[in-house]
Number of protein chains: 2
Amino acid sequence: MIKYNLKMGVNNIADLLRKKIGSTKVKTSEEYLLSYSYDSTGIKKKPDIVAFPENESDISNILKIASKFKIPLTPRGGGLGYSGGSVPVEGGIVLAFSRMNRIIRFDEKNLLMEVEPGVITSKVIEVSESRGLFYPPDPASLKNSTIGGNVSENAGGPRCFKYGVTSDYVMAVEGFLMNGEKVKFGSYSIKDVSGYDIKKLIVGSEGTLIVLSKIILRVIPKPESRILIRVGFSSMRSGADFIMKIIRFNLSPSVLEFIDKTSLDAVNKYLQTEKDSSINSVVLLELDGGKEEIANKLNSLKQLASEFGINDIEIADNEDDMEELWSIRRNLSPAISSLKPKKINEDIAVPIGNVPDAIEYISGLADEYNINVVMFGHLGDGNIHTNVMIDPSNKREVENSKIVLDKIFKYVISVKGTISGEHGIGLSKKEFLGYQYSEREIEIFRKIKGVFDPENLLNPGKIF
Amino acid sequence: MIKYNLKMGVNNIADLLRKKIGSTKVKTSEEYLLSYSYDSTGIKKKPDIVAFPENESDISNILKIASKFKIPLTPRGGGLGYSGGSVPVEGGIVLAFSRMNRIIRFDEKNLLMEVEPGVITSKVIEVSESRGLFYPPDPASLKNSTIGGNVSENAGGPRCFKYGVTSDYVMAVEGFLMNGEKVKFGSYSIKDVSGYDIKKLIVGSEGTLIVLSKIILRVIPKPESRILIRVGFSSMRSGADFIMKIIRFNLSPSVLEFIDKTSLDAVNKYLQTEKDSSINSVVLLELDGGKEEIANKLNSLKQLASEFGINDIEIADNEDDMEELWSIRRNLSPAISSLKPKKINEDIAVPIGNVPDAIEYISGLADEYNINVVMFGHLGDGNIHTNVMIDPSNKREVENSKIVLDKIFKYVISVKGTISGEHGIGLSKKEFLGYQYSEREIEIFRKIKGVFDPENLLNPGKIF
């Protein structure tokens, strides 16, 4: 890691920034540096300065100063990433977007909206729904995550099974190169093949290519209604097999989630509810569309379930009941965290047909190495949230978790899957990128980074 | 344009290639050079050599020789592009993919297929459908176009309104850098955020970044059934307004096409059918899904139509009747071509809500400059095929077509649309790229090209 040298001293740089953009927008006190030093991985590194741009001109000015004095700069949204993307590992400036949180324009006629990067994801969803429209991507952290962060990580979520990921809703991006120059890519048209598709390259680039200042999001008509269905299975395998059946059949559920036995045990313990000992995996499905369409699909679903020997399925068709059914899923994160002090949160994805085998393979590893591995998530997409739970003070668990993770990543690559389906590489999966890409391919990533940021100042130390 | 120097002489290079990959795969005779000199734009430039790789090793060997002797190389699929993407403007080698036309593997379990770039689009569609699966992208040329060409241009088509464009179905690409090195990007998992999304950058890059050797396509379950609907309107505006209404409403037709008055006149003349003088625009819709779902949607559609004062709509629910209803659309291209000797084929796209205004604006221009402009296409996507019909020997028409096109492009950009929704920039829209992108942004395109092909040998002279 290169140690950048703040030749002028932090205070001088901070003063220069204050003079340029206003003193209330630049912070160097310990509490700020600490608050902006970490994300959900728990990896910590304090920045030297936290800057709060309020408009495009602030961003440009900050970037010009940072690039002039070669100060690393890390953009940050909600700081909720699972791969360390917003941790300022090389110090310097954190660019915090909490004051650029407006929906600039909701363009109902063209079914799009212009937003600032700091807008909270749930606000985008709510504003859309209030107009009978729909912004589908729903990462778990949506109540606190920002669209800028979602775009930078190409966030997913349960609904992405039917509706696609963040990338599918980004029509155009505006932002600044590290040297402070403004650039725009994409257009307000759904179809656009003019020039290279740089906006798609920027989505998911983990804040390493440009600093976003405006994002143009597409919205779609809101489905008329939806119902949530919970189906319990006697084994892990039969739950996963059921999901495969659903995918192949023409039901197109909007959500298709899986919860494994260890997760169920953890949630039952956490919520102090009694466990149904005959249930060893759960599938959650959401069907949406017109009421009659849903009714027809539900009939087909019941038919499919009965082929699996399941005649009892739980159905919720109002918000309260849906919330109740969804509670297992919602309480997963805290419940799992209570199992062991440390959660190593992975988000591998495999080709969809490989899901049952992958789950069986990983369960087998957990048994073999006597370690807690909790799996749940978006199995319709082949995206398995694989949480390796350990006690960091237990040397055996620490060692075994490394072996197990390494084996999981190797397995995933052997079936042509990916080491990250949603969270990005950031810091936490950097050492594994070489499992998926060759040296030559990673060199291409590096050179592309160099096209946008030749001095490697923008969110340095990430991905590769 | 740089004139490349075949220092060794064409015959020596051809001999070297023959020795390396086999004599039947290398052609230098006039008939081959002529056949591989043009695409659907009519722009012509003969290559010096046509090479027909049959496998990956052939591709790599050809590229190594081409890059060693600095010979420009242009990959070519069906040669059906509308922007000159496969025209070897700087001579050198055309890499013709007609012998790499296999479906390597149809992986029904994982809902994907591995194909060679030269496979014909309709074959991919047919093979999928024979297994109850669906590959939606349907460019008009699908019976002769190749998947390699579709991927390189990010081809669209009518069904893309509901199902998305080629890019949405490419899971991974394999291919070769200009220096002959193999690279792979993407995975066999639907979700993948590992590293930069280079596969999305390669899709639509018009064969300028890598030479594709294998494409991994996603397929989805085939909709149970479909119906086609034709609605006639008394004015252009009301047809376009109707489309806007459909988009906002939750009908999600799989196809939503528009045909303007001039197109209708041309088709009627071409097919020698009588024109219904009360019809001045036509909307074609396809509804797909379960039978009951379609019936419900059809009811909603009739309701919407009656709000437009339309009570008669034509409905086709079997292949023959659908073919009959679709005939206007299918005969558009030849019918229009009979209007004037030259068709300037543009494919602008605007924000969807702007479609009615755009059509009115362009019609107005056509009247003002007394020139034939025919509009039809994928209006659900804002993608308007705008054909300026001229007689090249008529100086006034030639001059006016330039003025009108320039005004159309400026208008499109003023409403934040794009100069190309489907066809790409290639040669024919190169001079207009600067309307949509700044010098700095185009410089980024150039530098990205340089990352993959530093000597600018791969399909040189295109896009920028």
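Here is the naming used below: chain letters follow the sequence lines, and residue numbers restart at 1 for every chain.
Note on A:Lys416, A:Glu443, A:His378, A:Lys462: by heavy-atom pairs under 4.5 Å with chain B, the leading option is A:Lys416. Interface check for chain A: of the options B:Gly132, B:Gly204, B:Ser205, the most heavy-atom pairs under 4.5 Å are formed by B:Ser205. Per-residue counts of heavy-atom pairs under 4.5 Å with chain B were compared for A:Gly424, A:Gly382, A:Gly195; the largest is that of A:Gly195. Ranked by heavy-atom pairs shorter than 4.5 Å toward chain B, the options A:Lys200, A:Glu224, A:Lys447, A:Lys184 are led by A:Lys184. Between chain A and the options B:Cys160, B:Ser300, B:Pro221, the largest number of non-hydrogen pairs under 4.5 Å is found for B:Pro221. Taking B:Leu133, B:Leu112, B:Ile442 one by one and counting their heavy-atom pairs under 4.5 Å with chain A, the maximum is reached by B:Leu133. Each of B:Asp197, B:Asp347, B:Ile352 has some count of heavy-atom pairs under 4.5 Å with chain A, and the biggest count is that of B:Ile352. Of the listed residues A:Ser167, A:Ser187, A:Ala172, the one with more heavy-atom pairs under 4.5 angstrom with chain B than any other is A:Ser187. Ranked by non-hydrogen atom pairs under 4.5 Å with chain A, the options B:Ile190, B:Asn383, B:Ile216, B:Val451 are led by B:Val451. Counting heavy-atom pairs under 4.5 Å between each of B:Leu251, B:Asp107, B:Asn354, B:Ile419 and chain A puts B:Asn354 at the top.
Nearest heavy atom pair, residue B:Arg248 against residue A:Glu108, reads NH2-OE2, 2.9 Å. Minimum interatomic distance between A:Gly421 and B:Val193 (heavy atoms only, all atoms of both residues): C-CG2, 3.7 Å. For the pair A:Gly417 and B:Ser189, the tightest heavy-atom approach, listed with the atom from each and the gap, is CA-CB, 4.3 Å. Closest approach of A:Gly353 to B:Asn110, counting heavy atoms only: N-OD1, 2.6 Å.
Contact of B:Phe432 with chain A is not made at all, since no heavy-atom distance falls under 4.5 Å. A:Lys429 does not touch chain B: none of its heavy atoms, backbone or side chain, sits under 4.5 Å away. With a 4.5 angstrom heavy-atom cutoff, A:Asp168 touches chain B only via side-chain atoms. Residue B:Asn250 touches chain A through both its backbone and its side chain, counting heavy-atom pairs closer than 4.5 Å. For chain A, the nearby part of B:Leu433 is the side chain; its heavy atoms alone come within less than 4.5 Å.
Between A:Lys191 and B:Asp381 there is a salt bridge, since at least one side-chain N of the basic residue sits less than 4.0 Å from a carboxylate O of the acidic one.
Looking only at side-chain heavy atoms (C-beta outward), B:Phe445 and A:Ile198 come within less than 4.5 Å of each other.
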Yes or no on side-chain contact (heavy atoms from CB on, under 4.5 Å) for A:Asn179 and B:Arg440, after CA distance, side-chain angles and deciding distance?
CA-CA 12 Å; A:Asn179 66 8; B:Arg440 189 70 184 90; 4.1 Å; yes
Give the C-alpha distance, both sets of side-chain angles, the deciding distance and a yes or no for side-chain contact (heavy atoms from CB on, under 4.5 Å) between B:Ser194 and A:Thr418.
CA-CA 7 Å; B:Ser194 172; A:Thr418 174; 3.3 Å; yes
Please test A:Tyr196 against B:Tyr437 for ring-ring contact (aromatic ring centres under 6.0 Å, His included), starting from the C-alpha separation and ending with a verdict.
CA-CA 11 Å; A:Tyr196 294 143; B:Tyr437 285 107; over 10 Å; no
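Note that the CG atom of A:Asp192 and the CD1 atom of B:Ile348 stand 12.5 Å from one another [nearest 0.5 Å]. Atom CG of A:Leu111 sits about 9.0 Å away from atom CE of B:Met244, to the nearest 0.5 Å. Rounding to the nearest 0.5 Å gives a distance of 12.0 Å between CD1 of A:Ile247 and NZ of B:Lys109.
Residues of residues 287-298 of chain A that come within less than 4.5 angstrom of chain B, heavy atom to heavy atom, are A:Glu292, A:Glu293, A:Asn296 in numerical order.
When each of A:Leu201, A:Val183, A:Ile210 is checked for a side-chain contact (heavy atoms from CB on, under 4.5 Å) with B:Ile444, only A:Val183 meets the rule.
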